[in-house]
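Data block below; observations after.
Hydrogens, waters and symmetry mates are skipped; everything else that's a heavy atom, side chains included, is used. The first residue in the sequence is number 1, and the count goes up from there. Note that ligands are numbered from 1 as they come in the structure, with each ligand's atoms numbered from 1 the same way.
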Amino acid sequence: MASGQITVTSPLLPDLEEFQNMLKEIWASKWITNNGKFHRQLEKELANYLKVPYISLFTNGTLPLITALQALRITGEVITTPYSFVATTHSLWWNGIKPVFVDVDPITCNLDPSKIEAAITPKTTAIMPVHCYGKPCDTRAIQEIADKYGLKVIYDAAHAFGVEVDGKSILNAGDMSTLSFHATKVYNTIEGGAMVMHDEQTKKRIDYLKNFGFANETTVVAPGINSKMDEMRAAYGILNLRQVDLAIAARQKVAKMYRDSLRDIDGITFFDDMSGVRHNYSYFPIFIDAGKFGKTRDMLYQEMKNADVLGRRYFYPLISEFSTYRGLPSATRENLPVAYRLADTVLCLPMHHDLSEQDVMRVLNFFRK
Ligand SMILES: *Cc1c(COP(=O)(O)O)cnc(C)c1O
């Protein structure tokens, strides 16, 4: 008998008692923010875990995007994907930059490198791709284009925590990468985020920028923002980092159960693991061919919702369809046929560390013939 709600995601929570012990330490120290002990510790541990040289913590995953554009002095036009969460494009808008949408590749859902060059104009200064669902972009092809035209590359890697290609982190691609540690993500600090960079100089500059531009007590070197992570969330993050591998392993098991059962269902497609890639199983998107499956995506979505099984239409609508962006010349259906097709047929199934086998069976019941 079905009972209880199955949500699309569920936050990875640290052990409450261990967290309380760390809170006691913070209380005793009275150092609650501004590059405190736990902040420094988490930066070190994350750089280590993620196999990146430098990382700077932020209060969320949107401000590092906005700050990266500031730090690299990006202006004019930036080429980006419409198939993402709105924050990607909003970060451009907050910097007075015009987004230029380029279509995505149906195999990866990521920016299609073969379509980037046609969208470059004299005003183009950067490319902002997204590793959608944590699936790695074709970083080499993107870098070749960027080098040829003298463009910067900022990766929105909000989905790509811990993703590696041939044993190397994909967070090292491009000029900078940004992460989100929001409650809904594979790894969370409640709200939180980070920026990954290649050198100490840039790390220093980013640390100034996230603290109003202060280089020392009396020197402000740039019009910075305030986006510092506090000690409570850094402590929470330290604890969650210790269990994130177990959470990813649990997600992998869920993905395997989904794949084993859905492989033979007519009209349903999904992604398999890519060879040489360490995936994080952050999402489980399926794509529904209504003609073959016998139901549209929205019918299935509603049917599941009525039974308290919550899927998410990630990413529908496309960013380019929102009122802020739909008037842009690149925001048309003709320019973005693949993105539209994905957005119209995608449904992300419940995917998190806490799904039981019974929960997964309950989801899969909607696909029985
Ligand atoms: C979650 C997310 C963000 C924003 O991160 P927040 O921490 O919620 O600000 C940005 N881009 C993508 C692709 C995301 O999924």
Side-chain angles (χ1 to χ4, degrees), residues 7-12 42 46 55-70 78-95 97 99 101-102 104 108-111 126-137 139 153-163 170-171 173-174 176-196 210 225-230 233-234 236-237 240 244 251 279-285 312-320 322 324-325 339 342-343 346 348 351-352:
T7 50
V8 72
T9 183
S10 175
L12 182 65
L42 181 57
L46 276 173
I55 191 165
S56 182
L57 294 173
F58 277 74
T59 44
N60 58 52
T62 303
L63 281 160
L65 282 170
I66 291 174
T67 307
L69 294 162
Q70 284 278 318
V78 169
I79 288 170
T80 191
T81 166
Y83 194 73
S84 179
F85 182 63
V86 280
T88 311
T89 315
H90 282 353
S91 72
L92 300 172
W93 201 265
W94 275 70
N95 278 285
I97 294 162
F101 296 111
V102 163
V104 295
T108 63
C109 300
N110 292 328
L111 209 50
I127 306 170
M128 184 179 271
V130 177
H131 301 291
C132 192
Y133 308 128
K135 288 166 66 68
C137 287
T139 55
V153 185
I154 300 163
Y155 282 98
D156 179 344
H159 299 176
F161 185 89
V163 173
I170 57 163
L171 300 173
M176 289 166 180
S177 290
T178 66
L179 290 160
S180 166
F181 303 153
H182 184 255
T184 53
K185 306 293 206 272
V186 169
Y187 168 81
N188 85 89
T189 59
I190 306 173
E191 294 273 356
M195 191 193 299
V196 170
K210 76 175 184 194
I225 192 102
N226 178 14
S227 186
K228 306 184 297 293
M229 183 182 282
D230 63 71
R233 286 188 283 160
Y236 178 106
N240 257 356
V244 73
R251 285 166 173 272
H279 291 280
N280 64 9
Y281 307 95
S282 48
Y283 300 87
F284 197 88
R312 273 308 279 280
R313 288 167 290 186
Y314 268 153
F315 289 97
Y316 166 84
L318 295 173
I319 299 176
S320 48
F322 292 123
T324 314
Y325 306 110
L342 296 176
V346 70
C348 284
M351 172 51 88
H352 56 81

Report every pair formed by an N or O atom of ligand 1 and a protein N or O atom separated by less than 3.5 Å, giving atom names and the distance to 0.1 Å.
unit_1: ligand 1; atom_1: 5 (O); unit_2: Ser180; atom_2: OG; d: 3.2
unit_1: ligand 1; atom_1: 7 (O); unit_2: Gly61; atom_2: N; d: 2.7
unit_1: ligand 1; atom_1: 7 (O); unit_2: Ser180; atom_2: OG; d: 2.7
unit_1: ligand 1; atom_1: 9 (O); unit_2: Gly61; atom_2: N; d: 3.2
unit_1: ligand 1; atom_1: 9 (O); unit_2: Thr62; atom_2: N; d: 3.1
unit_1: ligand 1; atom_1: 9 (O); unit_2: Thr62; atom_2: OG1; d: 2.6
unit_1: ligand 1; atom_1: 11 (N); unit_2: Asp156; atom_2: OD1; d: 3.4
unit_1: ligand 1; atom_1: 11 (N); unit_2: Asp156; atom_2: OD2; d: 2.7
unit_1: ligand 1; atom_1: 15 (O); unit_2: His159; atom_2: NE2; d: 2.8
unit_1: ligand 1; atom_1: 15 (O); unit_2: Lys185; atom_2: NZ; d: 3.2

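- In terms of the side chain to side chain contact (heavy atoms under 4.5 Å, CB included) criterion, residue partners of Asp230 (sequence neighbours excluded) are, by chain and number, Thr33, Met232, Arg233.
- Residues Ile127 and Leu111 are in side-chain contact: their nearest non-hydrogen atoms beyond the backbone lie under 4.5 Å apart.
- The shortest distance between side-chain heavy atoms of Pro129 and Val153 falls below 4.5 Å.
- Tyr283 is linked by a side chain to side chain donor-acceptor pair (under 3.5 Å) to nothing, counting only residues two or more places apart in sequence or in another chain.
- Considering only residues two or more places apart in sequence or on other chains, Leu46 meets the side chain to side chain contact (heavy atoms under 4.5 Å, CB included) condition with Leu42, Leu50, Ile55, Leu57, Phe161, Phe181, Tyr187, Leu241.
- Ring centers of His90 and Tyr325: under 6.0 Å apart, within the cut-off.
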